[in-house]
Structures are given as structure tokens and as C-alpha cells.
Amino acid sequence: MPYIASVSKIDLPDKADQMEVKEQAREMFAANFPQVDRLIYAFDNTGIQYRNFCKPLSYYAEAHTFEERNNDYIQLSLQYSVQAIEDCVLKAGVKKEDITDLFFISTSGLATPSIDALIINKMHLNQHINRSPLWGLGCGGGVSGLAKACTAAKANPNAVVLLVAVEMCSLTLIKNDYSKSNFIGSSLFSDGVAACIIKGDNHAASGSVRYVTSGSKLYYDSLDVMGWDFQDTGFKVLFSKDIPTFINERIKDDITAFLKGHNLQLSDIKNFIFHPGGKKVLDAYMNALELDQHALDNTRGVMRDYGNMSSVTVLYVLEQFLNKGFTDGYGLMLAMGPGFSSEMVLLQMTNG
């Protein structure tokens with residue numbers, strides 16, 4: 001079983017207070033969005049105190065073309081990816097030349113050559129790295145990407161796999177889009193960058209977080225629950241208010257079936273490493289799974305301090321478990337994403 005050697009996250013320099021974001025959003029939407037006074041409370045009910053932003057708050061009050069915003073996405077993705085990788089490699093006790101595989105996860109910008117190619121060039125990584133850019137998995141990308149990275153490490157016991165996830169959700173904000181979805185999105189989504197090193201079995205580990213297995217499920221006839229609507233002006237966010245209901249109705253049975261396939265049950269899970277889609281989503285997890293009141297503390301903490309960073313967020317949660325400590329036993333990573341889909345990774349977590 002491959003194991004997770006290190007996780008690094010980025011605290012972006014332009015973090016903003018949620019109440020400052022709220023006031024700017026009110027000013028931006030007031031003239032053209034009649035529901036602004038009725039829906040502005042959404043900013044207060046997210047469980048978010050700070051937003052991880054890649055640009056100063058004033059940037060978002062200005063008009064920027066899709067080309068300008070996407071160029072910023074490419075430049076900042078590369079800059080902060082390199083920073084996260086350098087820290088992650090140091091923590092893992094490996095050299096950058098040791099990296100055998102690179103998985104790059106993102107959904108919030110476009111680049112060809114893909115960002116992983118830019119990273120390899122910028123850092124002069126091994127030219128023969130097996131690289132896999134994965135795009136369009138949305139909030140599920142962090143868990144799905146980790147599963148694929150671990151599968152690569154399982155196939156090659158000598159592997160040193162690098163997983164990088166980048167989301168610059170704030171750069172997708174379309175200033176002149178006065179829709180409800182854009183307004184609600186402006187209360188939730190943030191930017192983040194995380195890197196993770198996974199090592200194959202031939203690398204020694206004392207105390208470890210080992211990959212056991214993973215599972216994916218795509219729900220039929222739910223394509224409109226979450227995604228992008230691509231317009232001339234950029235990426236218009238789409239998501240349904242029914243996501244918490246969807247979770248309440250489906251997730252317990254799905255997790256139970258996933259665990260049963262490995263002779264486990266929900267009570268065997270000691271560490272819940274969940275993506276925080278939002279306060280209502282977290283409440284739905286708590287209710288559906290009947291979790292202990294503190295089971296999602298790390299998830300709530302990341303949501304509070306960073307906001308919803310799409311695919312990256314769950315890796316920030318994983319970093320909290322590795323940094324603050326965890327309970328010996330099984331860990332379950334979970335995220336929901338466009339499709340509509342669920343992604344799960346089962347971990348065996350042991351302190352040194």
C-alpha cells in the first residue's frame with residue numbers, strides 16, 4: 001500500500017475578511033440585482049470568516065476580460081505550484097529529481113501546454129516524468145486526483161508521485177453577471193494551491209497514512225447539479241440548491257456500500273476527511289451519517305479560514321489531520337463534484 005509522505009498548502013497573501021467581501025458584493029450587485037438585500041445574508045451563513053484570494057479585493061471590483069483573468073490564472077498557478085512543491089518535497093525528504101509521476105488537478109482555468117508541463121520546465125524536473133493533467137472534476141478533483149496518484153504508486157513500488165491541485169475560483173467571477181448563482185458563488189468560492197507526495201511500497205515509512213482503496217460514483221440524470229456554463233465572458237458557475245438534499249438522500253447508502261466491499265462499516269472510520277461544500281452541505285453530512293459533533297472539526301476549520309477552494313479544499317483538510325494529529329485507524333476522504341458524482345478514498349492511518 002503506497003503512503004502519503006507529505007502535504008503542503010498555500011496561504012495566499014491577499015486573504016480577505018468575509019464581511020469585507022460581503023460589502024463589496026453588495027455594492028457590485030445592488031444596482032442590477034433586485035434580490036441583493038434579501039440574499040446578502042448568505043454571506044453570514046456560510047461558516048466562512050476568511051477567503052483565500054489570489055488577488056487584492058479591489059481587483060474583483062474592476063472589469064477584466066476572460067483573456068486577462070485566464071492569463072492571471074496561468075501565471076499564478078505556476079508561481080504558487082512551485083512554492084507548494086518545494087515545501088512538499090522538503091517535508092517528504094525527497095529530491096525533485098526523484099519524482100516519477102505528476103498529476104495536476106484544476107477546473108478554474110485553461111492552459112495548453114498544461115500547467116504540469118510549465119511546472120516541469122520551470123523546476124527542471126525529470127523530463128521523463130509520467131504526467132497526467134486532470135481537468136473538469138470540480139470539487140471532487142482533490143479526492144479523485146489522490147486516488148489516481150495512489151494507484152500509480154501502487155503500480156510502481158519505487159514511485160515518488162507528486163499531486164498538485166490548483167484552483168483560482170475568484171478569477172472566474174464575471175463582474176457583469178447579475179444572476180443568483182453568481183451572487184451565491186461570490187459568497188463561497190476562494191483560491192487555493194496544494195501539493196502532495198505519495199511514495200510506493202519500497203520507500204520506508206515510520207508512522208504513516210497509507211492508501212487502501214478508492215471508489216467513484218456518477219449519478220445518472222444529475223448533470224445540471226453542478227458545473228460551468230461557458231460564455232464569451234468566461235466561466236459562469238452553476239450549482240443547485242438541492243445538493244444538501246441529494247447528500248441526505250444518497251450519501252449514507254453509498255458510503256455503507258463502499259465500506260461493506262472491504263468488510264468495514266461506518267463505525268470503523270476514525271477520521272473524516274471531507275470536502276466542505278458549504279455549511280448546509282456539512283450539516284447534511286452530519287445528519288445523514290449521524291456523526292459525532294466534532295467529527296468534521298478540521299473540515300469546518302478549513303472552510304472558516306479559507307472558504308470553498310473547489311478541488312484543493314480537501315487536501316487542506318488532509319494537511320490539518322497530518323499537522324494537528326489523527327486517531328489511529330481508518331480515514332475516509334470524501335468529496336462531491338460535477339457529474340453529479342462522489343469520490344472516496346479509504347486510508348489506513350497510523351501514528352509513529
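Sequence positions, counted from 1, serve as the residue numbers for this chain. We use all heavy atoms of the structure for the numbers below, so side chains are in, but hydrogens, waters and symmetry mates are not.
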Tell me whether Lys154 is salt-bridged to Asp201, with the criterion being a basic N under 4.0 Å from an acidic carboxylate O. no
Where do Leu134 and Phe104 land on the side-chain contact (heavy atoms from CB on, under 4.5 Å) test, with the steps shown first? CA-CA 6 Å; Leu134 302 175; Phe104 181 81; over 6 Å; no
Just by distance, do the side chain of Asn308 and the backbone of Gly277 share a donor-acceptor pair under 3.5 Å? yes
Say whether, by atom type as modelled, one donor and one acceptor occur between the side chain of His203 and the main chain of Asn158 under 3.5 angstrom. yes
Are Val82 and Leu90 joined in one hydrophobic group, where the rule is that I, L, V, M, F, W and Y side chains link up if heavy atoms are under 4.5 Å apart? no
Residues Asn298 and Tyr316: side-chain donor-acceptor under 3.5 angstrom: no
Does any N or O in the side chain of Trp135 come within less than 3.5 Å of the main-chain N or O of Leu110, such that one atom is a donor and the other an acceptor? no
Got Asn126 and Thr100 here, is their nearest side-chain heavy-atom distance under 4.5 Å? no
Would a distance-only check, ignoring hydrogens and angles, find a side-chain to backbone donor-acceptor pair under 3.5 Å from Asp283 to Pro244? no
Return the minimal non-hydrogen interatomic distance between Phe258 and Ser214, and the atom names on each side. CE1-C, 3.6 Å
Should Met1 and Tyr211 be marked as a side-chain contact (heavy atoms from CB on, under 4.5 Å) after you check the CA-CA gap, both sets of side-chain angles, and the distance that decides it? CA-CA 6 Å; Met1 294 190 294; Tyr211 170 79; 5.6 Å; no
Please name the pair of heavy atoms, one in Cys150 and one in Pro2, separated by the smallest distance, quoted to 0.1 Å. O-CG, 3.4 Å
Which atom pair, heavy atoms only, marks the closest approach of Ser106 to Tyr73? OG-OH, 2.6 Å
Is there a salt bridge (Lys or Arg N to Asp or Glu O under 4.0 Å) between Lys22 and Asp44 once you walk through the steps? CA-CA 8 Å; Lys22 174 185 175 181; Asp44 305 320; 3.0 Å; yes
Kindly say whether Ala84 contributes a backbone atom to a donor-acceptor pair with the side chain of Asp87 at under 3.5 angstrom? no
Measure across Met286 and Asp292 and return the closest heavy-atom pair with its distance rounded to 0.1 Å. CE-O, 3.3 Å
Using a 3.5 Å distance criterion without hydrogens, assess whether the side chain of Glu343 forms a donor-acceptor pair with backbone atoms of Gly141. no
Just by modelled atom types, is the Phe43 backbone N or O under 3.5 Å from a matching donor or acceptor in the Gln18 side chain? yes
Are the side chain of Lys15 and the backbone of Asp305 linked by a donor-acceptor contact shorter than 3.5 Å? yes
Sidechain-backbone polar pair: Gln231 side chain, Lys236 backbone, donor-acceptor under 3.5 Å: no
Considering all heavy atoms of both residues, which atom of Cys196 and which atom of Val7 are nearest to each other, and what is their separation? SG-CG2, 3.8 Å
Using the side-chain contact (heavy atoms from CB on, under 4.5 Å) rule, pick out the option among Ser190, Cys169, Ser108 that qualifies with Ser310. Cys169
Is any side-chain heavy atom of Met168 closer than 4.5 Å to a side-chain heavy atom of Val193? yes
Set out, in order, the CA-CA distance, both residues' side-chain angles and the distance that settles side-chain contact (heavy atoms from CB on, under 4.5 Å) for Met344 and Leu332, then state yes or no. CA-CA 7 Å; Met344 299 184 210; Leu332 179 66; 4.2 Å; yes
Counting the benzene-type ring for Trp, do Tyr285 and Phe272 have ring centres under 6.0 Å apart? no
Mind checking whether Met303 and Tyr50 sit in one hydrophobic cluster, side chains of I, L, V, M, F, W, Y counted as touching below 4.5 Å? no
Distance from Ile74 atom CD1 to Asn70 atom CG, nearest 0.5 Å? 5.0 Å
Is Glu20 salt-bridged to Arg51, going by a charged N under 4.0 Å from an acidic O? no
Single hit among Ile120, Asn130, Val89 for side-chain contact (heavy atoms from CB on, under 4.5 Å) with Ile99: Val89
Lys55 side chain to Ser170 main-chain N or O, any donor-acceptor pair under 3.5 Å? no
Applying side-chain contact (heavy atoms from CB on, under 4.5 Å), run through Asp116 and Ile129 and close with a yes or a no. CA-CA 10 Å; Asp116 49 294; Ile129 282 177; over 6 Å; no
Parallel, tilted or perpendicular: which describes the rings of Tyr60 and Phe53, with under 30° parallel and over 60° perpendicular? tilted
Hey, quick one: are Met336 and Leu218 part of the same hydrophobic cluster, counting side-chain heavy atoms closer than 4.5 Å, chains of contacts allowed? no
Is Ile247 reachable from Tyr220 through a run of hydrophobic residues whose side-chain heavy atoms are each under 4.5 Å from the next? no
Quick one: do Asp191 and Lys9 make a salt bridge, cutoff under 4.0 Å? no
Between atom CD1 of Ile255 and atom CG of Leu346, what is the distance when rounded to the nearest 0.5 Å? 11.0 Å
Quick check: Tyr59 with His64 (ring centres under 6.0 Å apart)? yes
Would you confirm whether the ring centroid of Phe235 sits within less than 6.0 angstrom of the ring centroid of Phe230? yes
Locate the shortest heavy-atom distance separating Gly234 from Ile174; write the atom from each residue and the value. C-CD1, 4.1 Å
Do the side chains of Tyr306 and Met19 join up, straight or via other hydrophobic residues, at under 4.5 Å, putting them in one cluster? no
